[in-house]
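Worksheet: the structure to be examined is printed underneath.
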Amino acid sequence: MKTIYRMKFSKTGRAKYISHLDLMRCFQRCIRRAELPIAYSEGFHPHMLIVFAAALSLGFESECEIIEIQLREEIPFDEVKNRMNAILPEGIEILRCYAPQHKMGQMGYAEYKVTLPSDDSMELNKSWKEFMSQEKILVEKKTKRGFREIDLKEQTEFLSAEEQADGLVLFLRLPAGSTVNVNPSLLIETFEKNSAISFGFPKYCRQKLFSSEKTEFF
Amino acid sequence: MSAISILSKIEPLLLSVQKPSQYIGGEVGSIVKDKENIDVRFAFCFPDTYEIGMSHLGMKILYGLINQRENFWCERVFAPDMDFEQLMRENDIPLYALESLEPVRDFDMIGFTLQYELSYTNILNMLDLAGIPVYARDRGTSMVQMVCAGGPCVCNPEPVADFFDFFILGEGEEVNLEVMDLYADMKKKGCTRQEFLREAAKIEGIYVPSLYDISYKEDGTIEKISPKENAPAVITKRIIKDFDKVYYPESFVVPFTEVVHDRSVVEVLRGCIRGCRFCQAGFIYRPFREKQPDTICKQAQNLCKNTGYEELSLSSLSTSDHSGIDEMLTKLLDFTEEKRIGMSLPSLRVDNFSDALMEKIKRVRKTGLTFAPEAGTQRLRDVINKNVSDEEIMNAAEIAFSGGYFNVKLYFMMGLPTETDEDIAGIAEIADRIVDMFFQNPDRPRGKMVQVSVSVATFVPKPFTPFEFEPQATEEEVHHKQEHLVNSINPRNAKRVKVSWHEFRISQMEGVLARGDRRLCDVIYAAWKNGSRFDSWSDRFNWNCWEKAFAQCGVSPEFYASRRREYDEIMPWDHLNYMVDKSFLVREHKKAMNAETTPHCRANCSGCGVNREVGRACF
Ligand code: SF4
């Protein structure tokens, strides 16, 4: 009998520079260190049964990454979480371990917090509002089959903005499904090119995942 | 500059460099301490990139050893790759350590490991990036930034003597802690740099180069090595007497990004019984000592458990010389199979490949096999004391083919003492015979093309070997040999035999630095100023930088590389005692010239002097 464990984890601080591929290897080793009875695939080169959802861009922080593992034995969810947290590297923490509710393919959107460092976040916010009030924001997006023009305006759900002393904080919801996927850095880079006001090195944090029906993804 | 300010400076840059996680630390197994409780901060510097340095076992051992002590903190530092170096210089980011992200210049001790001669310019570059004066004499009088080095190349540290405050000779597991304790004590007392160095020189194995004057004869050779301020006339390397009990880390730092050797490693033995005359490691690591199979097994299990590595390898100069090899491999293979851990076994010797051992290895090995006959004829193999016969090479290849392998990698050298064209042709002959044998083998893997890779290194004479007196082959000689080798391969096998070699200038520079003296310090400095860096990387080595440096300093590379030394010449390393007598090296050299072999240490002690130094028989 195999049991599926889905885990939500955060990736912050130094850990944001771990690439997706390296993170997968790190988790495999951490699962060994936690001595979890992980299940393996059949075949000549068996591999651990692990699935990651929605690769995060290098340099982004996140509070809602998803990993799913299959175990050969049943272990309480909390125990899996605690055993992993005891050995995970700085910056990676399992927040929740549970039985999956959505299928991986049902993921549809992600919410991001974007911080644009600036001394004058009020002015920057004005510029941002102007930028977002355009009817269309057309950009070229690289896809597997060359370039495609997309309208960022249509894809972006702008939730709110906070003017803070050291910068402007934006909350955005963007498509993060298997068919449509928009990286917030594309929007911010386009804004940077259009904005009269410059800002510092932007910080990104993925905060929440949603299903294609816009309910929280579990 | 604090950790926070370094972090805020590197953050915007990291995404524009290759493999950013190598510059940020935080790996599983890395050790972060509170610096307020630390007496001595030690920066362990590897003068090459993270990818290479993180594969190095010595660093893992000393990192664990030092950090076991509550009042010491050892951190890791690597050479930034060229892309990041440029950004660091443009943005005034000093070289920092990976655990604390604090500048290396604030550390008490800055220790480099000298693994290969061609990393020397990287050391200068790292010191400069750290903002530490490159020449030791410019580092002032207070007890800070003590720059030291250990590792195999320290057996002749003279070419880098001016850049270091002291060297650590031999094995570091005991002496490193002794010298750090002394430092902690003297720092508390408010001593000066010079006072500390004079005291440190009293510890066995510690060599303070500034306490020795070197004078030269008119012909350029050394006249005298004179100790001053009561420094010992001879400095003897340190060894661990009870190797089975020596400290071994329970865990490693596990990198996020892929590195060259990314797995658990257990050191199974130190030293080598073989006495191959070209091999420096075979002499400077004497005597031969091994760990018990149970110790090895326990350490392997611990490491795999604590790192989560899915692969295990064994480290030594010659694993198959372990007296308990069967017991050891059986135990390890059982445990690794159960835990789904892959096992890799490099450096198994051709001459004791038994069917039984082969069976065990076959259970885990997947790709081709590697042999190192080193020379093409029996005569020349006798000269270098590589006790492998043609029959044994063929035998091993036969077993390999029957076992389903079709890739064979052969390692040879060219430019060995007494070598003739016949010996070079012998290399081609071995490769041809292996190809022929493949087609005669009824059990050969079907539908596969046999591939024999012949890698030929240019021989570099090294200190503390019987060939330390020998000239290195010149460019002309080497080119002739390379041509002769290619022409000697049967044209029919041209596609099945692949020959490769190193660039001559790289081997020559290695040769110059290996047997050089202090007059090379300024040459290395000039080469670094001319742009030399990562000289061991064939795509980055730049002969022009070195050529110009030799001209600027009025030094001839040929004087060091291609000159024959007399037996009574004073070598730059003559005041360093690696426990092997010079008279033994002379004896071995004379036997080599007559193509006489010397039995291995287990069969018969040849009286190299190590047993006398250690105070007991080796076996
Ligand atoms: S003393 Fe004898 S046995 Fe020991 S290393 Fe030297 S030659 Fe070998």
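Letters A, B, ... are given to chains in the order of the sequence lines, protein chains preceding strands, and every chain is numbered from 1.
The candidate with the highest count of non-hydrogen atom pairs below 4.5 Å against chain A, out of V32(B), V254(B), L15(B), is L15(B). Contact count against chain A (heavy-atom pairs under 4.5 Å) is highest for E11(B) among E11(B), K305(B), E27(B).
Within 6.0 Å of atom CD in E79(A), more than 12 heavy atoms from other residues, nucleotides or ligands are found, so the atom counts as buried in its surroundings. In this structure, R148(A) places its CZ atom where only 12 or fewer heavy-atom neighbours from other residues, nucleotides or ligands lie under 6.0 Å away. For M122(A), the CE atom counts as loosely surrounded, since its 6.0 Å shell holds 12 or fewer non-hydrogen atoms of other residues, nucleotides or ligands. Dense packing is recorded around CG of D120(A), with more than 12 heavy atoms of other residues, nucleotides or ligands lying under 6.0 Å away. In this structure, Q18(B) places its CD atom where only 12 or fewer heavy-atom neighbours from other residues, nucleotides or ligands lie under 6.0 Å away. No more than 12 heavy-atom neighbours from other residues, nucleotides or ligands sit within 6.0 angstrom of CD on E70(B). Other residues, nucleotides and ligands contribute more than 12 heavy atoms inside 6.0 Å of the NZ atom of K331(B). A 6.0 Å sphere centred on NZ of K60(B) holds more than 12 heavy atoms belonging to other residues, nucleotides or ligands.
Residue-level contacts of residues 5-26 of chain A with chain B, in order of numbering, are R14(A), K16(A), Y17(A), I18(A), D22(A), R25(A), C26(A); threshold 4.5 Å between heavy atoms. By a heavy-atom distance cut of under 4.5 Å, F201(A), K203(A) are the residues of residues 186-209 of chain A near chain B, going up by number. Residues from residues 173-184 of chain A never place a non-hydrogen atom less than 4.5 Å from a non-hydrogen atom of chain B. At a heavy-atom cut-off of under 4.5 Å, chain B is reached by I87(A), P89(A), E90(A) from residues 80-94 of chain A, listed in order of number.
Judged by distance alone, the side chain of R32(A) and the main-chain N or O of C304(B) form no donor-acceptor pair under 3.5 Å.
Annotation: the span from Q28(A) atom CD to Y309(B) atom OH amounts to 13.0 Å, rounded to 0.5 Å.
Counting heavy atoms from C-beta outward, D262(B) and R29(A) have side chains that approach closer than 4.5 Å.
In this structure, the portion of T307(B) lying under 4.5 Å from any heavy atom of chain A is its backbone and not its side chain.
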